[in-house]
Novice: 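This structure is in structure tokens; I'll ask about it shortly.
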Amino acid sequence: QLQLAESGGGLVQPGGSLRLSCVASGFTLDYFAIAWFRQAPGKEREEVSCISADGGSTTSADSVKGRFTISRDNDKNSAYLEMHSLKPSDTAVYYCAADPPPFDRYPAGDPRKYDYWGQGTQVTVSS
């Protein structure tokens, strides 16, 4: 069974940090682009950051640039999202997603690119 599983969410104070992890099982992530999305209550799911299959290229939403870093370790079949200087506006359920090749089926940031999704992990930023 092909699965992605996120972990690392929780409650953190404004200005704090968290590290989210995403582990794949049942398939190898080597040939997949990976993205982190988030969805806050009443809002659409938005792409936070994306990393290419070889890890050589990353993109991030303007709202998180300079604060969040995406990375991957193909040997561990995993991807990560380091989050610093967290704000209450970062509160959301965070999902990792895997995009198989070819990578041009849909525009960048389109959730339809991603065939595999995790169940999500809650991040709450509050004092």
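The chain is numbered in sequence order, starting from 1. In this text the structure is predicted, and so the values were computed from the model without any measurement.
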Novice: How long is the straight-line distance from NZ of K113 back to CG of D99, given to the nearest 0.5 Å?
Specialist: 4.0 Å
Novice: Not counting sequence neighbours, which residues clear side chain to side chain contact (heavy atoms under 4.5 Å, CB included) with S85? List them please.
Specialist: R67
Novice: Kindly state each residue pair satisfying salt bridge (charged side-chain N to carboxylate O under 4.0 Å, His left out) with at least one member in residues 5-17, sequence neighbours excluded.
Specialist: none
Novice: Listed by chain and number, what are the ring-ring contact (aromatic ring centres under 6.0 Å, His included) partners of F32, not counting sequence neighbours?
Specialist: F27, Y116
Novice: Counting only heavy atoms from other residues, nucleotides and ligands, does the tally under 6.0 Å from OH of Y31 exceed 12?
Specialist: no
Novice: So Y80 and I70, do their side chains get closer than 4.5 Å, heavy atoms only?
Specialist: no
Novice: What residues, two or more places apart in sequence or in another chain, satisfy salt bridge (charged side-chain N to carboxylate O under 4.0 Å, His left out) together with D54?
Specialist: none
Novice: Taking only residues two or more places apart in sequence or in another chain, which ones pass ring-ring contact (aromatic ring centres under 6.0 Å, His included) with Y114?
Specialist: F37
Novice: Can you list every salt bridge (charged side-chain N to carboxylate O under 4.0 Å, His left out) pair that touches residues 22-40, not counting sequence neighbours?
Specialist: R38-E46, R38-D90
Novice: Transitively linked via ILVMFWY side-chain contacts under 4.5 Å: I34 with Y94?
Specialist: yes
Novice: Taking L81 as the starting point, is it possible to reach I51 by hopping between hydrophobic residues whose side chains are less than 4.5 Å apart?
Specialist: yes
Novice: Just do the side chain to side chain donor-acceptor pair (under 3.5 Å) check on S60 and S49 with the steps written out, would you?
Specialist: CA-CA 4 Å; S60 293; S49 195; 3.1 Å; yes
Novice: Quick one: OG1 on T91 to CG on L86, what's the gap to the nearest 0.5 Å?
Specialist: 8.5 Å
Novice: Under 3.5 Å, side chain of S78 to main-chain N/O of K76, donor-acceptor pair present?
Specialist: yes
Novice: A side-chain contact here means heavy atoms from C-beta on lying under 4.5 Å apart; do W117 and L4 qualify?
Specialist: no
Novice: Tell me every residue that passes side chain to side chain contact (heavy atoms under 4.5 Å, CB included) with A5, counting only those two or more places apart in sequence or in another chain.
Specialist: Q119
Novice: Going by heavy atoms in the side chains, are E47 and W36 under 4.5 Å from each other?
Specialist: no
Novice: Kindly write out the residues that satisfy side chain to side chain donor-acceptor pair (under 3.5 Å) with D110, not counting sequence neighbours, or none if the list is empty.
Specialist: R112
Novice: For Q39, check side chain to side chain donor-acceptor pair (under 3.5 Å) against everything at least two apart and list the hits.
Specialist: R45
Novice: So if you build clusters from Ile, Leu, Val, Met, Phe, Trp, Tyr with side-chain heavy-atom gaps below 4.5 Å, do V64 and V125 land together?
Specialist: yes
Novice: Sequence neighbours excluded, which residues qualify as side chain to side chain donor-acceptor pair (under 3.5 Å) partners of S71?
Specialist: none
Novice: Could you tabulate the donor-acceptor pairs under 3.5 Å formed by side-chain atoms of residues 9-25, not counting sequence neighbours?
Specialist:
from	atom 1	to	atom 2	distance (Å)
S17	OG	H84	ND1	2.8
R19	NE	E82	OE2	3.0

Novice: Under the salt bridge (charged side-chain N to carboxylate O under 4.0 Å, His left out) test, which residues partner K65, sequence neighbours left out?
Specialist: D62
